[in-house]
Amino acid sequence: MKKNIFNLGLIAMTSLTLLNCSDNKSEATDPNAALKTEVLANVSNTVIVSTYNELNNKAIALKTVIDGLTFPVSEAQLTAVKTAWQATRSPWEQSESFLYGPVGIEEVVDPAIDSWPVDVAAIDVIKANGAPITANSLATNDDARGFHTIEYFVWGIGGNKAASAIDAREVEFLKAAVADLQSNTQKLYNAWKSNDGNYAINFINAGQSSSVYPSQKSALEEFTQGMVGIATEVATGKIEEPLNGNAGSAKPEAEESRFSNNSKSDFANNIRSIQNIYLGDFNGGSGKGLSDIVALTNSTLDASIKTKIADAIAAIEAIPETFTIAITSHRPEVQNAQTKVNELKTLLESQLIPFITNL
């Protein structure tokens, strides 16, 4: 999730600064170089590429469901779209600890996929102007495309839109929006997979002249910065703004997935994104992760990170009712979840980053 592209640029500048300042020991004299290579390769392929593959497969399934909509839309069709949207949303949210490389700089697909809040005024103009709505016509406004535009049409502002309320023009808009979304998930997957853009090779070959990462350490630092970045965003943006954005009171309109009431799942999956990178696991696939490097010399830190990740996920999932209701009626539980995410962020910043920097 990004509200605007300037956040992506900040991530990129931070990453480049880290890369340029890296003073890593030569991999040729590093006794743990083979392990680092294994971690970099596994995280790149088993976690990142696999996540984007899952995302694209789910987006294809969502497109199939939406392309099959007829007018008038039935409740069964609407339910199928909702289910497919939520299924697609999960791997996207689990990708948000690695918003670097093609997603943020080379292809700039993050805003196209997940800008929020939606620009309802722009959507209404597009609906009313009578011109054909296509994926290409939506590509000029990131705030009128992507996940949240589809969410807006499917659930409605109150989250309880009936199938009978979806008009023919909205069906046309939905079909264009999902074509655009799936085009971007395909672009992202293609940019990483080995037989296409193969961005993963930059991690696998870190420290070699063929890689954008001048050392294995700089590539590992990219992983850790991404983990800190999403923990920070969940705590200080995704939770904080709707919880306290109205001068210390709730600001429901600042909630990201408020139409679908999917926010708690989004936040938990963001933390799972951290977990996947740290453990080197995703969706049944497993291998070496950052945990294996940390545990070699600091098993206490390794155990603490795993515990903080689990605590943050559990606290988010323990928030009662919908997040929209909870920010008003269950504020202590929301604050506890925010605290747990902040504790994870602090641990990653204060201990994991220095650990990796000192490798």
Side-chain angles (χ1 to χ4, degrees), residues 1-2 8 11 15 38-63 84-114 146-147 181-204 206 219-220 222-231 233-234 238 256-257 262 265-292 309 312-313 316 348:
M1 177 280 295
K2 290 294 157 199
L8 294 170
I11 292 172
S15 298
E38 189 174 357
V39 169
L40 290 165
N42 180 67
V43 170
S44 299
N45 289 316
T46 301
V47 179
I48 299 178
V49 176
S50 294
T51 300
Y52 286 141
N53 183 32
E54 178 79 359
L55 170 65
N56 189 52
N57 286 338
K58 296 296 186 183
I60 290 170
L62 174 61
K63 184 176 184 297
W85 184 92
Q86 290 169 324
T88 311
R89 187 78 180 153
S90 178
W92 170 254
E93 292 300 297
Q94 288 193 50
S95 78
E96 289 207 329
S97 73
F98 37 93
L99 292 178
Y100 37 72
V103 68
I105 303 303
E106 295 178 6
E107 302 294 345
V108 195
V109 296
D110 181 30
I113 288 175
D114 200 30
F147 272 112
L181 176 68
Q182 194 275 313
S183 173
N184 281 302
T185 63
Q186 186 74 60
K187 182 187 294 184
L188 188 51
Y189 175 47
N190 288 349
W192 277 85
K193 65 181 183 177
S194 60
N195 62 346
D196 205 317
N198 199 16
Y199 192 82
I201 200 68
N202 288 292
F203 288 96
I204 297 167
L220 295 170
E222 185 85 281
F223 289 162
T224 58
Q225 288 293 328
M227 293 161 65
V228 170
I230 191 57
E233 188 170 343
V234 172
K238 294 189 177 191
E256 185 180 7
S257 295
N262 207 65
S265 177
D266 283 358
F267 306 161
N269 279 325
N270 286 161
I271 306 305
R272 289 190 179 93
S273 183
I274 295 172
Q275 186 175 56
N276 296 344
I277 293 289
Y278 190 69
L279 298 180
D281 302 340
F282 175 73
N283 200 25
S286 62
K288 301 292 186 182
L290 285 173
S291 171
D292 294 275
I309 290 171
I313 293 171
I316 291 167
L348 297 176

Rounded distance [0.5 Å steps], CG in D196 versus NZ in K187 = 12.5 Å

Any V103 side-chain heavy atom under 4.5 Å of Y52 side chain = yes

I113 CD1 to L188 CG distance, which is reported to the nearest 0.5 Å | 5.5 Å

Residue set satisfying side-chain hydrogen bond (donor to acceptor under 3.5 Å, both in side chains) with T46, at least two apart, ordered chain then number -> N42

Nearest heavy atoms of N184 and A112, plus distance in Å | ND2-CB, 3.7 Å

Option from L290, D292, V43, V47 for which side-chain contact (heavy atoms from CB on, under 4.5 Å) with Y278 holds | L290

Minimal heavy-atom distance between I204 and A41, with the atoms involved, is CG1-CA, 3.7 Å

All heavy atoms of A231 vs all of I274, minimum pair found to be CB-CD1, 3.9 Å

Do F282 and I277 come within less than 4.5 Å of each other through their side chains, counting heavy atoms only?
-> no

May I ask you to check whether F98 and F203 place their ring centres under 6.0 Å from each other?
-> no

Taking all heavy atoms of A84 and all of L62, pick out the closest pair and write down the distance.
-> CB-CD1, 3.7 Å

Distance (rounded to the nearest 0.5 Å) between N45 CG and S194 OG = 7.0 Å

Sidechain-backbone polar pair: N56 side chain, Q186 backbone, donor-acceptor under 3.5 Å | yes

Compare every heavy atom of V39 with every heavy atom of L220, then report the nearest pair and how far apart it is.
-> CD2-CG1, 4.2 Å

Using modelled atom types only, decide if a donor and an acceptor are shared between the side chain of T88 and the backbone of K58 within a distance under 3.5 Å.
-> yes

Under the side chain to side chain contact (heavy atoms under 4.5 Å, CB included) criterion, do I48 and Y199 qualify, and how do the steps go?
-> CA-CA 10 Å; I48 299 178; Y199 192 82; over 6 Å; no

Among Q275, R89, Q94, side chain to side chain donor-acceptor pair (under 3.5 Å) partner for N269 | Q94

Identify, with sequence neighbours excluded, every residue that meets side-chain hydrogen bond (donor to acceptor under 3.5 Å, both in side chains) alongside S273.
-> S97

How about W92 and D114: does a side-chain donor come under 3.5 Å of a side-chain acceptor?
-> yes

With the side chain counted from C-beta on, respond yes when W85 and S257 share a heavy-atom pair under 4.5 Å apart, and no when they do not.
-> yes

Between L40 and F223, is any pair of side-chain heavy atoms under 4.5 Å apart?
-> yes

All heavy atoms of T185 vs all of A59, minimum pair found to be OG1-CB, 3.4 Å

Any donor-acceptor N or O pair under 3.5 Å, side chains N53, K193 | no

Any side-chain heavy-atom pair from L181 and F147 closer than 4.5 angstrom?
-> yes

N-O pairing of E256 and K238 below 4.0 Å = yes

Atom pair CG (N276) and CD1 (I271), whose distance is rounded to the nearest 0.5 Å | 11.5 Å

Nearest 0.5 Å please: distance from the CZ atom of R272 over to the CG atom of L279.
-> 12.5 Å

Distance col, row F267:CZ vs I316:CD1, nearest 0.5 angstrom, shows 7.5 Å

